[in-house]
**Q** 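Below you'll find the structure I mean.
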Amino acid sequence: MADAARHPKITLLTYAQVQKVSGYIGNFQVKVLKQPRYIIAERCTGCGLCTEVCPIEVPNEFEENIAPRKAIYVPHLQAIPLIYTIDLENCIKCYKCVEACGNLHAIDFSQEPEVVELDVGAIIVATGYDLWDPSPITEYGYASSENVITALEFERLIGESGPTAGRCIRPSDGQVPKNIAFIQCVGSRDSRYHEYCSGFCCMYTIKNAIIFKEKYPEADVYIFYIDIRAPSKGYEEFYQRALRMGIQFVQGRPAEIIENPTSKNLVVRAEDRSLGRLVKAEVGMVILAPAAVPRKEAIALGQALTICNSADGFYKEYHPKLKPVDTPTEGIFLAGAAQGPKDIPASVAQGSAAAARAGRIIAADTWEIEPTVAYIWPDRCKGCGLCVDKCPYGAIIGERGQIARIIPAKCHGCGCCAAECPFDAITQIHFTDAQILAEMHALLAERPEEKILVMMCHWCSYAGADTAGVSHLEYPPSSRGIRVMCSARMDHDFIYEAFRMGAGMVLVSGCHPQDCHYISGQQYAAERFRKVPAALKKMSISPERFRVEWISACEGAKYARVITEMDETLHALGVERIKEENERARPKLEKRLRRWSEIPEVAEVLAMG
């Protein structure tokens with residue numbers, strides 16, 4: 001960090017928050033709010049005389065509230081930059097700090113928040129993680145027992161630079177505990193709270209246990225765990241070292257912790273699955289390893305950056321294997337635990353990868369993008385603003401009543417705007433309405449009532465169908481597929497046109513909600529398709545002839561099963577009934593679709609059909 005602070009081409013903006021991000025790859029505009037320190041940074045030498053005379057003490061956040069800090073402070077003595085900050089909420093304005101500062105005159109109570117605007121070519125998000133508050137697990141007593149603490153609180157207690165200079169003491173009486181217990185997976189791998197594994201808890205718990213055991217060899221140390229996960233280089237050896245030191249590993253999640261009201265000792269009750277019996281251990285202190293969770297600002301910052309969050313709240317990468325540090329928004333990258341829980345080596349590796357990816361952009365004068373961007377016909381746009389609201393990337397700009405405009409460099413080609421536009425004023429290059437309809441007409445040219453028209457998204461369901469093929473999974477040959485980039489591009493009018501053309505059944509498919517490559521594309525598609533069965537029923541078309549399925553790239557078996565089930569339904573309904581329903585619905589379908597003749601190039605396709 002000190003090297004970064006001294007680097008001539010690196011500027012640190014500390015005590016600041018990102019407020020707004022606009023622009024696109026290579027041309028981002030970032031608005032940053034710098035909070036006032038009430039200290040003139042250029043004059044502060046970090047001598048600490050001001051904090052010595054400050055009479056106010058409040059809990060120290062860096063020390064996990066175990067020790068106090070003053071109302072004028074630095075988080076810790078190795079902070080970069082080493083510039084003090086006045087906590088104005090707790091400051092009583094006695095001005096003793098001003099007197100102690102003397103001729104430096106570094107204190108300025110008149111400072112105001114400052115907005116800094118930056119022009120940058122790429123952005124790396126490295127916001128880290130928070131530790132979950134284990135208070136909701138009442139059986140562990142974190143909120144009620146003084147001697148139940150979190151792993152980070154324990155780290156500060158045994159740290160040589162911590163508030164007790166490395167002496168591990170119990171919060172209840174200040175005595176060194178004769179034995180301690182660590183509990184793993186507190187809030188993680190738990191369907192009640194967080195289903196995912198936090199990844200690095202096993203290793204830091206073993207580290208803390210070893211440090212404690214080295215300091216106090218006579219103490220008994222227990223680690224209650226579900227599974228020990230030590231997959232990286234040297235980790236298994238570290239685990240074996242702990243075993244050799246006599247640290248006792250108990251395979252079982254504790255059911256409860258009971259506090260002795262007199263001694264404040266804690267009785268941990270659990271089932272040892274490896275021994276198949278109930279165990280209990282009376283210890284002086286319990287250390288919980290809580291789940292790693294996204295920072296509380298993750299959602300708001302993600303919205304400002306137009307990057308999406310996974311179901312667990314961490315930022316979603318573009319592709320977990322092929323582009324693990326990229327986001328769906330080009331030019332924005334992820335590093336470290338912002339993308340998901342990970343240890344220090346993995347965070348360093350991902351940080352280096354993100355820097356390399358960002359460097360490619362900074363070094364380039366121009367940048368190629370995918371050609372499948374949206375396009376607005378100005379003469380058809382009514383300025384309703386719906387497309388502006390629907391675009392997941394903020395690629396469409398325009399005030400209500402004015403013709404909307406697309407920024408091609410920000411458009412990712414999901415096609416949602418084209419499907420949502422009520423005036424058919426938007427199309428998508430290479431996936432125009434005319435091109436999709438031409439495919440549909442070709443696929444349904446012969447015996448359409450015997451066919452299942454399948455609309456698939458490029459990233460998941462199309463790949464799922466491909467997986468079914470390369471896996472040699474058998475399913476009926478009645479399906480005919482049309483690929484688009486995202487299910488958001490699938491206009492419900494395509495479904496109605498398929499039935500007008502005589503299709504036996506229609507399947508629309510795409511990514512699962514958490515897998516959408518276009519942030520909210522799947523959500524818009526799901527909402528759109530939810531209304532289709534009722535509309536078909538009003539047209540006398542059996543609702544079971546239409547189906548929506550979310551199929552991932554690896555779910556070839558599911559694709560084969562869905563097509564098989566639909567083919568069985570197709571045969572159960574029978575060709576004659578399908579023809580009869582189609583003929584009965586045709587006038588209503590044609591009435592609904594008559595506006596299509598006004599869309600460029602669509603009239604020619606309809607004439608050919």
Side-chain angles (χ1 to χ4, degrees), residues 419-420 433 436-437 439-457 461-462 464-465 468 474-484 487-512 522-551 555 557-596 605-606 609:
E420 290 286 343
D433 289 344
I436 294 172
L437 289 174
E439 288 184 70
M440 186 183 299
H441 284 213
L443 294 174
L444 300 176
E446 298 179 3
R447 302 192 302 278
E449 61 279 351
E450 300 176 9
K451 296 175 181 175
I452 303 169
L453 185 74
V454 185
M455 301 203 71
M456 300 176 280
C457 84
S461 55
Y462 182 80
E474 293 186 3
Y475 57 90
S478 52
S479 62
R480 299 292 185 274
I482 294 178
R483 177 182 67 91
V484 293
S487 56
R489 178 65 184 96
M490 302 174 194
D491 195 322
H492 45 54
D493 285 347
F494 293 150
I495 299 164
Y496 301 136
E497 174 64 9
F499 286 120
R500 190 189 73 82
M501 289 291 297
M505 300 190 78
V506 175
L507 168 67
V508 294
S509 60
C511 304
H512 290 282
Q522 188 273 352
Q523 299 170 27
Y524 289 131
E527 177 62 22
R528 191 183 309 144
F529 301 146
R530 186 179 60 81
K531 306 171 185 177
V532 171
L536 292 176
K537 192 172 183 179
K538 289 181 180 179
M539 299 179 192
S540 304
I541 294 176
S542 300
E544 60 264 34
R545 292 174 59 192
F546 171 73
R547 187 164 171 175
V548 179
E549 289 288 346
W550 309 118
I551 302 171
E555 292 182 312
K558 180 177 181 180
Y559 178 82
R561 174 176 56 79
V562 169
I563 295 299
T564 300
E565 292 173 358
M566 293 186 72
D567 188 76
E568 291 171 354
T569 304
L570 185 67
H571 284 88
L573 290 170
V575 171
E576 294 306 317
R577 178 178 170 180
I578 289 172
K579 285 184 176 180
E580 182 181 318
E581 286 185 0
N582 289 345
E583 286 303 317
R584 193 162 53 242
R586 191 181 298 277
K588 295 179 181 177
L589 290 168
E590 290 179 343
K591 181 179 179 181
R592 183 182 184 99
L593 298 171
R594 62 188 176 188
R595 60 188 174 81
W596 265 10
V605 174
L606 295 176

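Values below: all heavy atoms of this structure, side chains included; hydrogens, waters and symmetry mates excluded.
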**Q** With sequence neighbours excluded, what pairs up with K588 under the side-chain contact (heavy atoms from CB on, under 4.5 Å) test?
**A** M539

**Q** Is it true that, when you exclude R447 itself, more than 12 heavy atoms of the residues, nucleotides or ligands shown sit nearer than 6.0 Å to its CZ?
**A** no

**Q** Closer than 3.5 angstrom, by distance alone: can the side chain of D567 be matched with the main-chain N or O of P476 as a donor-acceptor pair?
**A** no

**Q** Using the side-chain hydrogen bond (donor to acceptor under 3.5 Å, both in side chains) criterion, which residues pair with S479? Sequence neighbours excluded.
**A** none

**Q** Side-chain contact test, heavy atoms from C-beta onward, threshold under 4.5 Å: evaluate it for K451 versus S478 and give yes or no.
**A** no

**Q** How long is the span from the OH atom in Y496 to the CZ atom in R592, to the nearest 0.5 Å?
**A** 4.0 Å

**Q** Measuring from Q523:CD to S487:OG, what's the distance to the nearest 0.5 Å?
**A** 10.0 Å

**Q** Say you draw a straight line from OG1 of T569 to CZ of R545; how long is it, rounded to the nearest 0.5 Å?
**A** 11.5 Å

**Q** Quick check: closest heavy atoms across F529 and F546, and the distance to 0.1 Å?
**A** O-CE2, 4.0 Å

**Q** Flag the pair H512 / E555 as yes when at least one side-chain heavy-atom distance between them is below 4.5 Å, and no otherwise.
**A** yes

**Q** Which heavy atom in R584 sits nearest to a heavy atom in P587, and how many Å separate them?
**A** O-CD, 3.6 Å

**Q** Kindly indicate, with the supporting measurements, whether the criterion side chain to side chain contact (heavy atoms under 4.5 Å, CB included) is fulfilled by V484 and M490.
**A** CA-CA 8 Å; V484 293; M490 302 174 194; 3.8 Å; yes

**Q** Name all residues meeting the side-chain contact (heavy atoms from CB on, under 4.5 Å) criterion together with R577; count only those two or more places apart in sequence or in a different chain, and write none if there are none.
**A** S542, E544, L573, E581

**Q** What closest approach, in Å, do E497 and L593 show between heavy atoms, and which atom pair accounts for it?
**A** OE1-CD1, 3.2 Å

**Q** Would you please name every residue forming a salt bridge (charged side-chain N to carboxylate O under 4.0 Å, His left out) with D491, sequence neighbours left out?
**A** none

**Q** So, K558 side chain and W550 main chain: donor-acceptor pair closer than 3.5 Å or not?
**A** yes

**Q** Ignoring hydrogens and angles, write down the donor-acceptor pairs under 3.5 Å from the side chains of residues 559-566, residues two or more places apart or on other chains.
**A**
residue	atom	partner	partner atom	Å
R561	NH1	E565	OE2	3.4
T564	OG1	A560	O	2.7
E565	OE1	R547	NH1	3.1
E565	OE1	R547	NH2	2.8

**Q** In chain order, what residues pass the side-chain contact (heavy atoms from CB on, under 4.5 Å) check against E590, with sequence neighbours excluded?
**A** R500, R586

**Q** Going from CZ on F499 to CD on E449, what distance comes out if it is rounded to the nearest 0.5 angstrom?
**A** 13.0 Å

**Q** If I take atom CG from residue L589 and atom CD from residue E583, how far apart are they, to the nearest 0.5 angstrom?
**A** 10.5 Å

**Q** Under the rule for side-chain contact (heavy atoms from CB on, under 4.5 Å), what residues qualify as partners of R528, not counting sequence neighbours?
**A** C416, A419, E420, H492, Y524

**Q** What heavy-atom pair brings P448 and M501 nearest, and what distance separates the two atoms?
**A** CG-O, 3.4 Å

**Q** Determine, step by step, whether R489 and D433 satisfy the salt bridge (charged side-chain N to carboxylate O under 4.0 Å, His left out) criterion, reporting the C-alpha distance in whole Å, the side-chain angles of both residues, the deciding distance to 0.1 Å, and the verdict.
**A** CA-CA 10 Å; R489 178 65 184 96; D433 289 344; 2.7 Å; yes

**Q** For residues L453 and A498, report the shortest heavy-atom separation together with the two atoms involved.
**A** CD2-CB, 3.6 Å

**Q** If you count the non-hydrogen atoms of other residues, nucleotides and ligands that lie under 6.0 Å from NE2 in H571, is the total more than 12?
**A** no

**Q** If you compare all heavy atoms of L443 against all heavy atoms of G481, which two are closest, and at what distance to 0.1 Å?
**A** CD1-O, 3.7 Å

**Q** Taking only residues two or more places apart in sequence or in another chain, which ones pass salt bridge (charged side-chain N to carboxylate O under 4.0 Å, His left out) with E527?
**A** R530

**Q** Evaluate the criterion side chain to side chain contact (heavy atoms under 4.5 Å, CB included) for residue pair V454 and I452; output intermediate values, then yes/no.
**A** CA-CA 6 Å; V454 185; I452 303 169; 4.1 Å; yes

**Q** In Å and rounded to the nearest 0.5 Å, what is the CG to CZ distance from L444 to R480?
**A** 9.0 Å

**Q** Given side chain to side chain contact (heavy atoms under 4.5 Å, CB included), test F494 with I482 step by step and report yes or no.
**A** CA-CA 11 Å; F494 293 150; I482 294 178; over 6 Å; no

**Q** What residues, two or more places apart in sequence or in another chain, satisfy side-chain hydrogen bond (donor to acceptor under 3.5 Å, both in side chains) together with S461?
**A** S509

